[in-house]
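Take a look at the structure set out below.
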Amino acid sequence: MKITGWIFDVYAVDGGMRVWIIDAQGRKHRLLDPFSPAFYIGGPPASVRPLLTFLSRLNLPMEVTRAVGIEFYSGKTIPVTRVKLFNPIHFTKVVRWCASAAVKPEGSGISLYNCDLSLPQLYFFERKRFPLAFCEVEVDPSGTIQTVGLLDSIWRTDYTTPPLTTLILRMEGGSLRPDHTGPRRLEVTIDGRTSCLEADDEAGLIDRFDRLLLRHDPDLILSEWGDPYLLPQLMAMAKKKRFPLLLNREPDTGVVTRRERSYFTYGQVVHQAQAHLLLGRWHIDLHNSFLVDQTELEGLFEFARLSRIPVQQMARTTTGTGITSMQMALAFEDGILIPWRKQESEAFKSADQLLLTDKGGLTYAPKLGFHEAVAELDFASMYPATMARYNISPETINCPCCPHNLVPEIGHHLCTKRRGLIPRFLEPFLAKRAEYKRLKKTATDPEWKGRYDARQSALKWGMVTTFGYQGYKNARFGKIEAHEAITAYAREKLLQAKEIVEAEGFEMIHAIVDSLWIKKSGTTEADYEALAERISKACEIPIAFEGVYRWVLFPPSKSDPEIGVPNRYLGVFQNGEVKLRGIEARRGDTPPFIRAAQTEMIEILSQAKNREAYEALLPEIEAIREAYRERLKARRVSFWELAIAKTLSKSPSEYQKDSLTAIVAKELAGRGVRLSPGQSISYVITDAKSRVKSDRARALGFIDGSWGFDAEKYESLLIQAAEVLFPDPPDRFGQKNLLP
DNA sequence: AAAGTACGGGG
DNA sequence: GTGTACGTACTTT
């Protein structure tokens, strides 16, 4: 039998990989693909021999042969032993035994390769397939796959995804975390019909839920808080009532769970809730996935395809894991032995070298205040472009063969003989993103426009991470020296651009890492385009002319009104597009009420063509402010609009100061809500100055009509949000603010 | 005044 | 099962 469709799910079962295909009619096909994953052992024969003896005593179906592979850092072909397990479910166990200290004593010189990948990854790598690939499958009557013809490629930009039956699982009445509120009803939506299930009849609830699953057989359970709350609750109820819960499509299997964790990344703590992964069906929690949060399902699918990580797993992992998997796939294709964990440590650096290399991006202080007709030039994807252009990769930095090819400022050098893995990975990746951006512009169908945008945004995250990962000590294909080389080149490029611009008589208003704000009277758009062209040529990486601002405002720092702040500004391009950085409307912890007020004000100001017109709008801005103030006074504001969302950086009990966040977190913890670092909470300020601390603020989920809000406090936030837009003009320091 | 806490960036 | 910088703004003590 021949089946044409998309690879929906892949996981290991006894005797092979379970492969689910969904065809264009939405039919689901449960197939088996025999698969014998292999890992490799390298090292001195005297050390390898006892390991092989150990393996032979296991009496598991396997094949041990001699092979060769390329060692990643040296690029040399080395002899290795290949261990192929005939049954994939033995793989993880056998690798773990081989790695354990009893079998592989310290100092044995043994290295294991290709051993810490998941089985779906190994399967996809070896068979050159990928999640959601469109293909033609030849199947025998028992459902075993004979051949697979790939009708798709990870580099396609016009791919489609299978038709999915989706069940939406959430709590009635909003998306607040269920355990941060009082009791609510469970809501299940499928085929456009929503049913509410009462929690007081547990047996009836499970029974109705099971019947919905049976009747509709959804491919995707899309939940809000399914991971930390709904699925655990449903599973506990089912267990208590001894009812089966038919979440998996694979018979006689349990739901795979992964422990919750909190980790630190990019300067902040992130919480990943416990995950519930289904077999033959997807469960995706909208609130437990960075990628879905940033790029919708479309970006998640793009990442799953490229990384060869199944959709459900990809939803819960970081973009860093995703791009590492893409890099491993490329290494695998090239016959490179994938190193298990990093062995290389940072090379020694002298004190004066440290001073130079530890600098990151270059930042100037902006010229304060209001400016007209300023142009912005941005180096596009500066860091990835630099890595690709200068061949920056962990195995090319400080190679033994090219000491002459120096990186600016710092003592590192780069290989000229071997193209690095990271640049080879980045080239098609950069090109694919550029293609999506182009398609997004030219697409006429709004649905595809949105799709292209989500996909390019997912790729953007991949590139941001590729750079960040070079500086991470445990990255598989990263090296801190490579990170330093990238920022060194980037500083050089920005300086070079600044020199060109100033030599041509432009005034530099601001410059930061990869962007310049410049002006010169009489300059046309075509002149700016030509200037960008000249800089691109001189710098060897592309810089783009973003546009000319009607006006851009760099408000003064609140701690020192004489200086500006690098990342706090607002401006309007000539096409009317508004750009905000660092101000209230852009921040995640601004209450919706304040955000709405400031956004409305900026909307009005964006009409202004020049400074005079801008200043003339002051009365209108004041009118908006007063209208919002009236609403506060008349209490015509919902708690939801006043809610402040904050991310916890520690467990509630670890807070030392009684900030509002700490007070509310402790209050919630006292009600039995488990809060881990990285989770967020929402609260309303009820009485900021109350001597009774617990009266100062109240969690949004537990506030009711008996509580009021602190109108005075919100009024001051409102006034502040307005004042940012009318600071003391820089040439009129010492005068009163334009707003009282 | 000092220390604690949280935010953004990237596009 | 993977990104620990850095500056600003604001609050508490």
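Numbers restart at 1 for each chain; the letters A, B, ... are given by sequence-line order, proteins then strands.
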Using a cut-off of 4.0 Å on non-hydrogen atoms, how would the nucleic acid contact of [X] be classed: base, sugar-phosphate, or nothing?
X	result
A:Gln272	nothing
A:Thr465	base
A:Gly320	nothing
A:Phe467	nothing
A:Thr321	base
A:Arg433	sugar-phosphate

Which nucleotide, [options], lies nearest any side-chain atom of [X]?
X	options	value
A:Gln656	C:dT12, B:dG4, B:dG8	B:dG4
A:Arg581	C:dG3, B:dG10, B:dT5	B:dG10
A:Phe264	C:dT4, B:dG8, C:dG3	C:dT4
A:Thr318	B:dG10, C:dG3, C:dA9	C:dG3
A:Tyr469	C:dG3, B:dA6, C:dT8	C:dG3
A:Lys657	C:dG3, C:dT13, C:dT11	C:dT13
A:Thr661	B:dA6, C:dA9, C:dT13	B:dA6
A:Ser649	C:dA9, B:dA6, B:dC7	B:dA6
A:Lys646	C:dG1, B:dC7, C:dG3	B:dC7

Just to confirm, is there a sub-4.0 Å distance from OP1 or OP2 of [N] to any side-chain nitrogen or oxygen of [X]?
X	N	value
A:Ser381	B:dG10	no
A:Lys713	C:dC10	no
A:Tyr383	C:dG3	no
A:Lys693	C:dT13	yes
A:Gln720	C:dA9	no
A:Thr317	C:dG1	no

Distance flag, aromatic centroids of [Y] and [X], threshold under 6.0 Å:
X	Y	value
A:Trp517	A:Tyr569	yes
A:Phe554	A:His510	yes
A:Tyr469	A:Phe477	no
A:Trp97	A:Phe91	no

Practice task
For C:dT8, give its Watson-Crick or G-U wobble partner with both distances under 3.5 Å, or none.
Solution key: B:dA6
Exercise for the section: Calculate the interatomic distance between A:Gln313 atom CD and C:dG1 atom C1'; express it in whole Å. Expected result: 13 Å
Handout entry: For atom CG of A:Leu277 and atom C1' of C:dG1, their distance in whole Å
Key = 13 Å
Problem - Side-chain-base donor-acceptor pair under 3.5 Å for A:Ser659 and B:dG4 - result: no
Exercise for the section: With A:Lys646 as the cation and A:Tyr683 as the aromatic partner, state whether NZ or CZ is under 6.0 Å from the six-membered ring centre and within 45° of the axis. Expected result: no
Problem - Candidate list A:Phe467, A:Tyr489, A:Tyr390, test ring pair (Phe, Tyr, Trp, His ring centres under 6.0 Å), partner A:Tyr383, passing option - result: A:Phe467
